[in-house]
Amino acid sequence: MREYNYSQIEKKWQDFWEANQTFKTIEDSQKEKFYILVEFPYPSGKGLHLGHQRPYTAMDILARKRRMQGYNVLFPFGYDAFGLPAENYSIKNKIHPAIVTAENVKKFTEQCKAVGFSFDWSREVNTTDPDYYKWTQWIFLQLFKKGLAYKKEMAVNWCTDCKVVLANEEVVDGTCERCSSEVVRKVKSQWMLKITEYAQRLLDELEEVDYPERVKASQINWIGRSTGAQVDFKTNAGDILQVYTTRPDTLFGATYMVIAPEHPFIDEWMEKWDKVMNIDEIMEYRAMAAKKSDFERTEIIKEKTGVMIEGIYAVNPVNNRVTPIFISDYVMMGYGTGAIMAVPAHDTRDWEFAKTFNLPILEVVHGGDVEKEAFTDCETGIMINSDFLNALPVEEAKVKITEWLAENKVGEPKINYKLRDWVFSRQRYWGEPIPIVECDKCGFVAVPESELPLKLPEVESYMPTDTGESPLASLDDFINTTCPDCGSPAKRETDTMPQWAGSSWYFLRYCDPHNPDELASKEKLDYWMEVDWYNGGMEHTTLHLLYSRFWHKFLYDIGVVSAKEPYKKRTSHGNILGEDGQKMAKSRGNVINPEDVMRDFGADGLRLYEMFVGDFEKAAQWSTNGIKGCKRFLERSWNLQEILNDSDNPELRPIFHKTIKKVSSDIETLKFNTAISALMTLINEVYTSGSITPAEFKTFLILLNPFAPHITEEMYELAEFDGLLNEQLWVEYDEALCKDDEIEIAVQINGKVRAKAVIPTGSDNAVMIDIAKAALGSALDDKTIVKEIAVPDKLVNIVVR
RNA sequence: GCCGCUGUGGUGGAAUGGCAGACACAAAGGAUUUAAAAUCCUUCGCUCGUUAGAGUGUACCGGUUCAAGUCCGGUCAGCGGUACCA
């Protein structure tokens, strides 16, 4: 018999699949469709790594199984190729990022094919392809036309090393997500997308989708909805200072107010009101707060600082009490109204501030000791010192005071979200140009759709500038244009889009990847969408997943797509860690190179081990010893050919049916590790029995095929079965045939196993108990039986006294 | 602080409330071999016992149950996310 020469076999079948376009998908209304999506990678120079292969293998297994189950499967792939690493590489090596990207894409594609992924390569997309980003720009223009894209002067997160504005989501602990350099605040004019307009729908419509609870929870958390009230405080400067609070019930306990250092009232008060006594002190504090980076604001011990604005005071609308106003950086301009009423008795931060500045702490909810700490419990507290709210529980007081505020026109119920608008500008070269022209007369004007794609021009230097302008800003030919509306000279926007743009809609392009007239035809979108199953990393839960849901909802609103949600089901994989249990990183020297692994164990060996290593949804530690076991299993599978003959072994029937059942259901629940162990158990039993029939052999090959497609296809061919293995139908099991004729049960006395007994499968409880008692023999002689419990085909428990 | 997740042999990990440790790795012993690799067989939670067996055991404390790794209450430890969000 031939030896198991995996490299030869794998090459043979990969070439065959490529030549025959085995996995090319076409629309087919006769078949039920199933759209499986993996997160397309950023094609980095390092190539495909184990962290890509694990989720891709999992979804490849699902795709192969679905095809055998008769579905029309869409399983596409592509590249999210805009982004900083390619640009940084270009800066260093003076090569155009498009060239670097093309090389990397070629490498990635070869590597994917070498693992045997059954992607439909005819649908490959690349976000840097002008035919693709034409539509990314088109979607941006639709957002602009609907008023959902706007430009705004704002304090942004500026990475001091990348010299680029970062989204809030890209700032990690006050440092840049990519380079870990310090991030500071800088005021710049930025394109923004109004994702906040969709906050409620992004929240509500989570109920319509099948996502893991942890994913839903972090989206809910990120959106951060809170309900409360907006309250108007009159000031002696004539303005009305609006505050947002989730605890309107504590309004009587407000003993001072705080506004953010960036609050616009400060400037107004300085200008038109000459009674502010400590202008210098306030300005100094403000300058200091502005200088603080995000890092300092979050990392420095949260000691409360601030300055009282002397000469200005506010009046509490419920009792007309005069209330001092402070400026402090513990209040953020970006949330609520940038001003708060401080209730030190019932808010921890206010309590600390009041202690530091020796301000009165007035208890209005009874239940704690407000001299020791803030009492924040909403469930047990009872209102006191609050006039018409006295004696009410907190929740009732909230309702009553909110009504009172509305009646007296000094406030209203208010919902707030932590989610902020999406900072959409990047001062970088390697991204989609934002298709907007700025005209002195007309303002911001959309580039006509007929001029899309607005291509990235060639530049000499990709280097971002210290002024914070994109490299495009130095190209006069690019910048200078005419206004599409009035024809006068105008300037192009030089910022580009963030990497999240292209990935916010790629799953739509896969449905119709070469369409020159639309992002995809309605007909094809209606056939393929929604995505039936989308697997990706937890790290994309609050960024990519939220952004793409936002864009999809917008496209739904303008009639491009027919479903509200893009993804019916989402699952998340755990990462592959190094052998030391740490994240794989060059600096730790624990990186496993998949090409080495495939050379030593084959693609099938690698696929199998990545699925066997542990719970798919949890992080797993790589083990070179572990993969040996999988290779051994494949060799034992190969050697089944030696014991293939016609002699029937009926005793194997139950285990075959059980295995079909287990493998089928385990793939659906992502329990690949136990599916493989079931196959291992099966093969062990087959060897014990000494032979396998052709029908059983074929069943085994079908079950193993999604996991190890090359070796099984080869064995199928060698066994001279008809056609190709990947064209066979998935195997079915018969529940009745899963059971052995006889089964061993445990016999317990008071829950402890005292004997074993063999019973015919499916025996009545009474029969089981009789057999069990017989098996116990004399052990029951001097005992009083209190209760007899039988669990069918499992055990008997006799309770005695 | 808040949200989420996880604590099971030497290791990775299995167990719809029903015999804890499936499957695999490592280790030890044996067979085969001139030898090694590969392969095959045996042992393998801990304690006592030569064996039979007995006791004990799923982070810790308590509860529910005939029966708890699993359910409930509390505690501890670790991991991930997030935060002066009013």
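In what follows, every chain begins at residue 1, and chains take the letters A, B, ... in the order their sequences are listed. Quick note: numbers below take in every heavy atom, side chains included, and nothing from hydrogens, waters or symmetry partners.
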I'd like to know if E352(A) pairs up with R349(A) as an ion pair, taking the criterion as any Lys NZ or Arg NE/NH1/NH2 lying under 4.0 Å from an Asp or Glu carboxylate oxygen. no

Mind checking [X] for me? I need base, sugar-phosphate or nothing, with any heavy atom below 4.0 Å counting as a touch.
X       : answer
N416(A) : nothing
R225(A) : nothing
S226(A) : sugar-phosphate
D350(A) : nothing
F633(A) : nothing
V613(A) : sugar-phosphate
S623(A) : nothing

With no hydrogens and no angle check, just 3.5 Å: does a side-chain donor-acceptor pair link [X] and [Y]?
X       : Y       : result
D740(A) : T761(A) : no
R54(A)  : N575(A) : no
T305(A) : Y285(A) : yes

Nearest of [options] to any side-chain atom of [X]?
X       : options                   : value
T674(A) : rA22(B), rA26(B), rC84(B) : rA22(B)
N625(A) : rG12(B), rA26(B), rA86(B) : rA26(B)
T245(A) : rC85(B), rC19(B), rA86(B) : rA86(B)
R420(A) : rC84(B), rC85(B), rC19(B) : rC85(B)
N684(A) : rG13(B), rA86(B), rA24(B) : rA24(B)

At under 4.0 Å between heavy atoms, which parts of nucleotides 1-7 of chain B does protein reach? Answer with one letter per nucleotide, 5' to 3': B base, S sugar-phosphate only, - none. --SS-S-

With B for base contact, S for sugar-phosphate-only contact and - for none (protein heavy atoms under 4.0 Å), nucleotides 61-71 of chain B reads -----B-----

Rounded to whole Å, how long is the line connecting atom [atom1] of [X] with atom [atom2] of [N]?
X       : N       : atom1 : atom2 : value
L795(A) : rG17(B) : CG    : C1'   : 11 Å
Y256(A) : rA86(B) : OH    : C1'   : 11 Å
L543(A) : rU82(B) : CG    : C1'   : 13 Å
R632(A) : rA26(B) : CZ    : P     : 5 Å
K418(A) : rA83(B) : NZ    : P     : 8 Å
R54(A)  : rG12(B) : CZ    : P     : 14 Å
L419(A) : rA83(B) : CG    : P     : 13 Å
M680(A) : rG13(B) : CE    : P     : 15 Å

Judged by whether its glycosidic angle lies within 90° of 0, rG9(B) is syn

Heavy-atom side-chain proximity of [X] to [Y] below 4.5 angstrom:
X       : Y       : result
Y609(A) : S623(A) : yes
E262(A) : M332(A) : no
F707(A) : C630(A) : no
F326(A) : L359(A) : yes

What's the gap between [N] and [M] when it is taken at their [atom1] atoms, as a whole Å value?
N       : M       : atom1 : value
rG17(B) : rA68(B) : P     : 14 Å
rG9(B)  : rA26(B) : C1'   : 12 Å
rG13(B) : rU8(B)  : C1'   : 9 Å
rA27(B) : rA36(B) : P     : 16 Å
rA20(B) : rG74(B) : C1'   : 25 Å

Is it true that a side-chain atom of [X] and a backbone atom of [Y] form a donor plus acceptor pair closer than 3.5 Å?
X       : Y       : result
N316(A) : V318(A) : yes
H346(A) : F375(A) : yes
D604(A) : I711(A) : yes

Name all pairs fulfilling the side-chain hydrogen bond (donor to acceptor under 3.5 Å, both in side chains) condition that reach into residues 659-672 of chain A, sequence neighbours left out, sorted by first residue then second. K65(A)-E668(A), R66(A)-E668(A), K661(A)-E735(A), K662(A)-D666(A), S664(A)-W730(A), D666(A)-T674(A)

Qualifying side-chain hydrogen bond (donor to acceptor under 3.5 Å, both in side chains) pairs, either residue in residues 765-774 of chain A, two or more places apart: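 Listed once each, the pairs are K773(A)-E788(A).
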
Nearest-nucleotide comparison on RNA chain B, the residue closer to the 5′ end among A339(A) and T681(A):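 Its nucleotide being nearer the 5' end, the pick is T681(A).
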
Specify the residue among A746(A) and G336(A) whose closest nucleotide of RNA chain B lies further upstream toward the 5′ end.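 It is A746(A), whose closest nucleotide lies nearer the 5' terminus.
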
Polar atoms only, N or O, under 3.5 Å: list the protein pairs with nucleotides 53-58 of chain B and their distances.
residue	atom	partner	partner atom	Å
rU56(B)	OP2	K752(A)	NZ	3.1

For RNA chain B, which ranges pair as stems of 3 or more consecutive Watson-Crick or G-U pairs, with both donor-acceptor distances under 3.5 Å?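 B:1-7 with B:76-82, B:10-12 with B:23-25, B:27-31 with B:39-43, B:45-48 with B:53-56, B:59-63 with B:71-75 - these are the stems of 3 or more pairs that involve RNA chain B.
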
Are F612(A) and F633(A) close enough that their ring centres sit under 6.0 Å apart? no

Taking the six-membered ring for Trp and the full ring for Phe, Tyr or His, determine whether the centres of Y256(A) and F357(A) are under 6.0 Å apart.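 Here the rings of F357(A) and Y256(A) have centres that are no less than 6.0 Å from each other.
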
CA sep, side-chain torsions, deciding dist, call: I759(A), D793(A), side chain to side chain contact (heavy atoms under 4.5 Å, CB included): CA-CA 8 Å; I759(A) 60 158; D793(A) 295 340; 4.1 Å; yes

Residue-phosphate contact under 4.0 Å: R636(A) side-chain N/O, rC40(B) OP1/OP2: yes

Determine: side-chain N/O of Y244(A) to OP1/OP2 of rA86(B), distance under 4.0 Å, yes or no. no

Presence of donor-acceptor pair under 3.5 Å, side chain of K756(A) and base of rC19(B): yes

Tell me whether K304(A) forms a cation-pi arrangement with Y330(A), defined as NZ or CZ under 6.0 Å from the six-membered ring centre and within 45 degrees of its axis. yes

